[in-house]
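First up is the structure itself, then whatever we jot down about it.
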Amino acid sequence: MAKVLCVLYDDPADGYPTSYARDDLPVIDRYPGGQTAPTPEAVDFTPGHLLGSVSGELGLRGFLEAAGHTLVVTSDKDGDGSVFDRELVDADVVISQPFWPAYLTAERIAAAGNLKLAITAGIGSDHVDLDAAIAHGVTVAEVTYCNSISVAEHVVMTTLALVRNYLPSHRVVLDGGWNIADCVARSYDLEGMQVGTVAAGRIGLAVLRRLAPFDVGLHYTDRHRLPRAVEEELGLTFHESAQDMVPHCDVVTVNAPLHPETQGLFGDKLIGTMKRGAYLVNTARALIVDRDAVDRALRSGQLAGYAGDVWFPQPAPADHPWRVMPHHGMTPHISGSSLSAQARYAAGTREILECWLAGRPVREEYLIVDGGALAGAGAHAYSVHG
C-alpha cells in the first residue's frame, strides 16, 4: 500500500465554502490542438467546488482509502520540523501545486527513501529538483495543459489592467471619489501596440490568439519555432531571442518554464533595452526576472507597469518589495487555480495516480521525468545540468 503526501494551500479565512457563486462549469473535453482533458475512471468531487485547499483534498481521499492507501494532507511545508518534512520520510508519492509548492530539493529527495512519484497538480515542475529526481529514479508528472488557458486569460486580463490603469481607477471608486484626470493620466489603448511573448508553447500561443483581435502587432521568441501556417494566421513576427524581441515591444509577457537559460533573464540589462514605458507581465516563474531590477525599473519609469502572480519564495514574505512597488498588478499565485482549472487538475492527478498504482503507463504528455531521464513534456521544456 502507498502513502500519498499531498501539500495544498490553506482553506479560506472564513472557512471552507458551503455554497458557490455558480452552479456548474462548462464542460471542456478537449484542449486546443486536440489533447483530451483528464479521463480518470471516476471522480469523487463536484466540478466547480474548491479542491485545491486542504479541505478539498483534490477529491482524493475516498478513492485512495477505499483501496487501502494512506493520504496525508497538509499546508505546512516550510521551516524546520514542518509536517511536510516529517511525513516525507516514508512517503511513496508527493503531490503539490505550483501555487503552494512543496519544494522537493535534492536534500529532501535524498531523505525520502520510499519516494517514487512526484505529481504537480497543475503545470510547471520547477519546484522539483529534476536532476535529483533523475538520479534517484523518481518519476515526475504534471497535468499538462489543464490550466494553460486559465493562465492565458490571466495574462490578457492583467495586460489590459495595466495598460488601461484599471486597478488605481477602481480604487478611486472604492474610496468614494470621482478623480477622472487622476485615472486617465496613465491610461492608454492596447490597440496598435506591439506585444511579444517569451515562449510560445501552450500558454504563450493561447495568449497570442486571444490578443490578436485587439489589433496589435504580435511577436514571439521560442526555442521551437511555430509552423509557418500559424505565423501567417496570426501575423506573428519571430525573433531569435528575447534580447532581439523586447526592444520592439510595448508589452512583453513571459510564458517560459524556469530553467538555467531563463533564470534571471529579465535583469537591469535586458529591461534597459525595452521601450521606456513598456509593460512586463510574468505569470511563468518569478526567478525569470530579477526581483530588485523590476522594482528599480518601475520607480525610474523604465517600466510603466509590472503584473503577474508568481513570486519567490511562495508564499511571499510580508516585506517582499513587490507588494509595495509602484504601478504593479500583482496577485498571489492564482492564475492557474480557478475553480474551473481545479476540476481539471484534480481529475488529472487522479488519472495519474490510477495509472501509477495499477502499474499502467502514465500518459506521455504528463511525464516530466521517467526512467531516469527527462520524458514527455519535460523533454520538450526542460534541460538537465548535472
Side-chain angles (χ1 to χ4, degrees), residues 9 12-13 21 98-99 147 149-198 203 206-207 210-211 213-214 216 249-255 266 271 274-286 288-312 314-341:
Y9 47 76
F99 334 108
N147 57 3
I149 303 305
S150 312
V151 176
E153 290 184 359
H154 193 96
V155 171
V156 174
M157 176 185 72
T158 52
T159 297
L160 287 167
L162 289 179
V163 174
R164 297 305 300 262
N165 203 38
Y166 169 74
L167 292 172
S169 302
H170 181 56
R171 172 53 58 186
V172 167
V173 172
L174 295 178
D175 292 343
W178 198 263
N179 311 58
I180 292 176
D182 295 284
C183 296
V184 301
R186 294 184 64 87
S187 178
Y188 299 88
D189 290 346
L190 184 61
E191 181 184 20
M193 288 190 174
Q194 303 298 311
V195 181
T197 175
V198 178
I203 296 172
V207 169
R210 280 153 181 77
L211 287 176
F214 285 87
V216 295
C249 296
D250 302 285
V251 179
V252 174
T253 170
V254 183
N255 301 290
F266 281 85
I271 292 173
M274 298 173 70
K275 291 184 179 181
R276 191 191 75 83
Y279 305 88
L280 183 59
V281 177
N282 178 17
T283 55
R285 289 295 180 264
I288 295 176
V289 305
D290 180 304
R291 183 196 71 177
D292 296 326
V294 168
D295 189 10
R296 286 190 290 269
L298 289 170
R299 295 183 187 280
S300 72
Q302 176 61 19
L303 288 177
Y306 180 86
D309 67 342
V310 286
W311 308 67
F312 185 82
Q314 294 189 152
D319 62 352
H320 196 293
W322 286 1
R323 294 184 184 269
V324 296
M325 63 189 180
H327 314 306
H328 79 78
M330 294 299 297
T331 54
H333 196 164
I334 60 169
S335 63
S337 196
S338 63
L339 295 179
S340 307

Which pair of heavy atoms, one from [X] and one from [Y], lies closest together, and at what distance?
X	Y	result
Val216	Leu190	CG1-O, 3.3 Å
Ala341	Asn147	CB-CB, 3.7 Å
Lys275	Asp250	NZ-OD1, 3.2 Å
Cys183	Val172	SG-CG2, 3.8 Å
Thr158	Ala307	CB-CB, 3.8 Å
Ser335	Thr283	OG-CB, 4.4 Å

Next item on the list: May I have the step-by-step check of side-chain contact (heavy atoms from CB on, under 4.5 Å) for Thr197 and Val207, ending in yes or no?
Entry: CA-CA 8 Å; Thr197 175; Val207 169; 5.6 Å; no
Look at the side chain of [X] and the backbone N and O of [Y], then say whether any donor-acceptor pair between them is shorter than 3.5 Å.
X	Y	result
Gln302	Met274	yes
Asp309	Thr331	no
Asp290	Ala293	yes
Arg323	Met330	no
Arg164	Tyr188	yes
Arg210	Ala206	yes

Note to self: According to ring pair (Phe, Tyr, Trp, His ring centres under 6.0 Å), does anything in residues 150-171 pair up with another residue at least two apart or in another chain? List the pairs.
What the structure shows: Tyr166-His170
Notebook entry, point to check: Parallel, tilted or perpendicular: which fits the ring planes of Trp311 and His320, with parallel below 30° and perpendicular above 60°?
Noted result: perpendicular
Next item on the list: Using the six-membered ring wherever Trp is involved, compare the ring planes of Tyr306 and Trp322 and label them parallel, tilted or perpendicular (cut-offs 30° and 60°).
Entry: tilted
Rounded distance (nearest 0.5 Å) linking atom [atom1] of [X] with atom [atom2] of [Y]:
X	Y	atom1	atom2	result
Ser150	Ile334	OG	CD1	11.0 Å
Ser187	Ile180	OG	CD1	12.0 Å
Asp295	Ser300	CG	OG	10.0 Å

Can you tell if the side chain of [X] reaches within under 4.5 Å of the side chain of [Y], non-hydrogen atoms only?
X	Y	answer
Tyr9	Ser337	yes
Val252	Val198	yes
Val294	Phe266	no
Gln314	Arg285	no
Val195	Thr159	no

Notebook entry, point to check: Around Arg299, counting heavy atoms of other residues, nucleotides and ligands shown, do more than 12 lie under 6.0 Å from its CZ?
Noted result: yes
